[in-house]
Amino acid sequence: NVTAVTATVDQYGDYVEQTDMLELTAIDNTIVEATKELADQAGITLDTITRNILHSGKNVFYCPKADGTVVSDREDLDKTCKLTPEVVNTVAALLKKVNAPKIDGSYVAIIHPYVAYDLQNDPEWIEAHKYTTPDNIYEGELGKIGGVRFVESSEAKVYEGGVFGCIFLGANAYGVTEIEGGGL
């Protein structure tokens, strides 16, 4: 299908003020240090904006509570709602049902380190080095369950009350706009 997509362009950024006295008297190269800080900040800003947009989508699956209670709204989530292999398999099945294309043969989930901790202790967890070569491991990739590769990010969404948002992706799940000649 062909779909028209409209995007709003917003400007983000920061700056560092430096004086000629600082540049002349500083032991370290402050311009290089400022450039590194701004580059790190720019990357995190773009990542955060993309993450927040993805989390605002309507295609959502909520983990059930520990007692099995089905959750149908974000406000009903609590700390007992954990991502388990059963939930991973359910989400993977939902993606397959709508023919979501895979990324290099798997779906990919972006998860918080605390979520990774829970999953890594499960017997179904397969460490990344056991199913792929070092050259084919994504940055931050830890392992796999049920055909889903897990990438850990400390920038993963954390909602009020310590509820962690996880993003499951198929190929071409989203796009970002780039203004030609505009850099970041």
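These values consider heavy atoms only, across backbone and side chains, with no hydrogens, waters or symmetry-generated copies.
Contact annotation: the side chain of F168 never approaches that of V108 to less than 4.5 Å [non-hydrogen atoms, C-beta and beyond]. Counting heavy atoms from C-beta on, the side chains of V87 and F61 come closer than 4.5 Å. Looking at heavy atoms from C-beta onward, D14 lies in side-chain contact with L38 at the 4.5 angstrom threshold. Counting only heavy atoms from C-beta outward, the side chains of T48 and N52 approach each other to under 4.5 Å. Counting only heavy atoms from C-beta outward, the side chains of P134 and H129 never approach each other to under 4.5 Å. Put simply, the side chain of C166 does not reach to within 4.5 Å of the side chain of I110, judged on heavy atoms. Using a 4.5 Å heavy-atom threshold, the side chains of L83 and I111 count as touching. With contacts defined as side-chain heavy-atom distances shorter than 4.5 Å, the pair V176/T50 qualifies.
The hydrophobic clustering, which links ILVMFWY residues whose side-chain heavy atoms are closer than 4.5 Å, places I145 and F164 together. Clustering ILVMFWY residues whenever any of their side-chain heavy atoms sit less than 4.5 angstrom apart, transitively, puts V158 in the very cluster that holds Y114. One hydrophobic cluster, built from ILVMFWY side chains closer than 4.5 Å, holds both V91 and V115.
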Intermediate values then yes/no, side-chain contact (heavy atoms from CB on, under 4.5 Å), E152 and H112: CA-CA 6 Å; E152 178 183 64; H112 190 277; over 6 Å; no
Worked verdict on R51 versus I167 for side-chain contact (heavy atoms from CB on, under 4.5 Å): CA-CA 8 Å; R51 177 205 69 198; I167 300 173; 4.1 Å; yes
Run the side-chain contact (heavy atoms from CB on, under 4.5 Å) check on D104 and R149 step by step: do they pass? CA-CA 10 Å; D104 296 326; R149 295 169 75 165; 4.1 Å; yes
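G146 and A92 get closest at one heavy-atom pair: O-CB, 3.9 Å. The two atoms that bring P64 and V71 nearest to each other are CA-CG2, 4.3 Å, heavy atoms only. Smallest separation of non-hydrogen atoms from S154 and P113: CA-CD, 3.9 Å. Heavy atoms only, all atoms of each residue included: K96 and K102 are closest at CE-NZ, 4.0 Å. Shown here for I103 and A171, the closest heavy-atom pair between the two residues is CG1-N, 3.4 Å. Here the closest non-hydrogen pair linking E139 and V151 is O-CG1, 3.3 Å.
Rounding to the nearest 0.5 Å places OH of Y12 at 4.0 Å from CD1 of I49. The CD atom of Q120 sits 5.0 Å away from the CG atom of L142 when rounded to the nearest 0.5 Å. Separation of atoms OG1 (T45) and CD (E155) is listed at 9.5 Å; rounding is to 0.5 Å. For the atom pair CG (L95) and OG1 (T90), the distance works out to 11.0 Å, reported to the nearest 0.5 Å. Here the straight-line distance linking atom CD1 of I27 with atom CG of N29 works out to 12.5 Å at 0.5 Å rounding. If you take CG on L119 and NZ on K144, they are separated by 14.5 Å, rounding to the nearest 0.5 Å.
Both tests pass for R74 against the ring of Y159: distance under 6.0 Å to the centre and angle within 45° of the axis.
Formation of a donor-acceptor pair under 3.5 Å by the N89 side chain with backbone atoms of P85 is found in this model. T132 contributes no side-chain N or O that, together with a main-chain N or O of A128, makes up a donor-acceptor pair within less than 3.5 Å. Not one N or O on the side chain of D28 forms a donor-acceptor pair closer than 3.5 Å with the backbone of T30. Side chain of T69 to main chain of K65: no donor-acceptor pair is present (N/O by atom type, distance under 3.5 Å, no hydrogens or angles). A donor-acceptor pair under 3.5 Å is formed between the side chain of E141 and the backbone N or O of Y138. Side-chain atoms of Y107 come within 3.5 Å of backbone N or O of A100 as a donor-acceptor pair. Judged by distance alone, the side chain of D76 and the main-chain N or O of S72 form no donor-acceptor pair under 3.5 Å.
Ring geometry, W125 versus F150: the interplanar angle falls from 30° to 60°, so the pair is classed tilted.
Residue-environment remark: CD (E86) stays at or below the threshold of 12 foreign heavy atoms within 6.0 Å. The neighbour count for N172 CG, taken as heavy atoms of other residues, nucleotides or ligands under 6.0 Å away, does not exceed 12. At most 12 non-hydrogen atoms from other residues, nucleotides or ligands lie less than 6.0 angstrom from NZ of K82. For Y131, the OH atom sits in a packed shell: over 12 heavy atoms of surrounding residues, nucleotides or ligands are nearer than 6.0 Å.
A donor atom on one side chain and an acceptor atom on the other are not found under 3.5 Å apart for D135 and T133.
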